[in-house]
Amino acid sequence: MRLEQEPDIEDPITRALAHAMDNEGLDYRGLAHAEAVVVLRDRGEPERAWGALQSAAWWSSRHLGEMPDFVMNGGRLMAEENDWTDVASMLERSQDE
């Protein structure tokens with residue numbers, strides 16, 4: 001899994017995310033990223049879905065001032081589906097705090 005990569009401008013999901021962020025500017029709330037999580041998960045791209053979930057978390061938290069429940073729930077689901085025990089453990093620890 002690569003943590004850093006150049007965006008693929010030919011990829012329709014990447015283009016849609018860039019378009020949503022460009023259109024909404026600083027008012028962007030992360031909705032397009034949250035939608036991308038579902039699409040990427042359904043396409044069998046869990047690492048990209050995880051990255052989109054992290055971005056959705058950042059943007060929505062920035063707008064709302066707190067972490068939305070969908071982020072934790074989505075993270076738990078993805079950790080369980082992909083047997084990411086380290087991610088599951090991290091999410092549980094952060095929930096206890």
Side-chain angles (χ1 to χ4, degrees):
M1 179 164 130
R2 291 175 57 183
L3 296 179
E4 200 174 303
Q5 63 188 26
E6 290 292 320
D8 179 4
I9 59 170
E10 298 300 317
D11 178 68
I13 294 173
T14 302
R15 280 197 320 268
L17 292 174
H19 181 71
M21 292 171 64
D22 186 47
N23 281 344
E24 295 179 40
L26 294 176
D27 292 329
Y28 181 64
R29 299 175 183 200
L31 180 59
H33 279 86
E35 292 171 343
V37 172
V38 177
V39 172
L40 291 165
R41 181 179 158 263
D42 289 350
R43 282 180 29 178
E45 298 184 58
E47 291 87 3
R48 282 186 70 198
W50 179 252
L53 182 64
Q54 291 176 56
S55 294
W58 190 89
W59 284 105
S60 59
S61 295
R62 180 181 178 276
H63 177 75
L64 298 171
E66 63 184 18
M67 182 70 64
D69 289 338
F70 80 85
V71 173
M72 295 300 284
N73 294 337
R76 283 190 196 99
L77 177 63
M78 290 181 66
E80 181 181 319
E81 288 177 341
N82 295 287
D83 197 29
W84 294 340
T85 55
D86 54 341
V87 172
S89 176
M90 180 266 312
L91 290 171
E92 287 307 311
R93 281 195 308 268
S94 69
Q95 192 70 8
D96 293 339
E97 295 177 357

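Bear in mind the structure is a predicted one, so any value in this text is a computation, not a measurement.
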Side-chain touch His33/Ser60, heavy atoms, less than 4.5 angstrom: no
To the nearest 0.5 Å, what is the distance between NE2 on His63 and CG on Asp27? 8.0 Å
If every non-hydrogen atom of Gly30 is compared with every non-hydrogen atom of Ala56, which pair is closest and at what distance? O-CB, 3.8 Å
Report the C-alpha separation of Ile13 and Glu45 in whole Å, then their side-chain angles, then the decisive distance to 0.1 Å, and conclude whether the side chain to side chain contact (heavy atoms under 4.5 Å, CB included) test is met. CA-CA 12 Å; Ile13 294 173; Glu45 298 184 58; 5.6 Å; no
Which atom names give the shortest non-hydrogen contact between Pro46 and Trp84, and what distance separates them? O-CH2, 3.6 Å
Mark yes or no for whether Arg62, through its side chain, and Tyr28, through its backbone, hold a donor-acceptor pair below 3.5 Å. no
Tell me if the CD atom of Glu80 is crowded by more than 12 foreign heavy atoms within 6.0 Å. no
Crowded around Asp69 CG? As in, over 12 foreign heavy atoms under 6.0 Å? no
Matching residue for Trp59 among Gln54, Met21, Arg29 - test: side chain to side chain contact (heavy atoms under 4.5 Å, CB included): Met21
Should Met90 and Asp86 be marked as a side chain to side chain contact (heavy atoms under 4.5 Å, CB included) after you check the CA-CA gap, both sets of side-chain angles, and the distance that decides it? CA-CA 6 Å; Met90 180 266 312; Asp86 54 341; over 6 Å; no
From His19 atom NE2 to Glu24 atom CD, the distance as rounded to the nearest 0.5 Å: 9.5 Å
Just how far is it from atom CD of Glu35 to atom CG of Leu40, taken to the nearest 0.5 Å? 12.0 Å
Non-hydrogen side-chain atoms of Trp50 and Val87 separated by less than 4.5 Å: yes
Asn82 (side chain) donor-acceptor with Met78 (main chain) under 3.5 angstrom: yes
Compare all side-chain heavy atoms of Arg76 with those of Asn73 and state whether any distance is below 4.5 angstrom. yes
Side chain proximity check, Arg41 to Leu53, heavy atoms < 4.5 angstrom: no
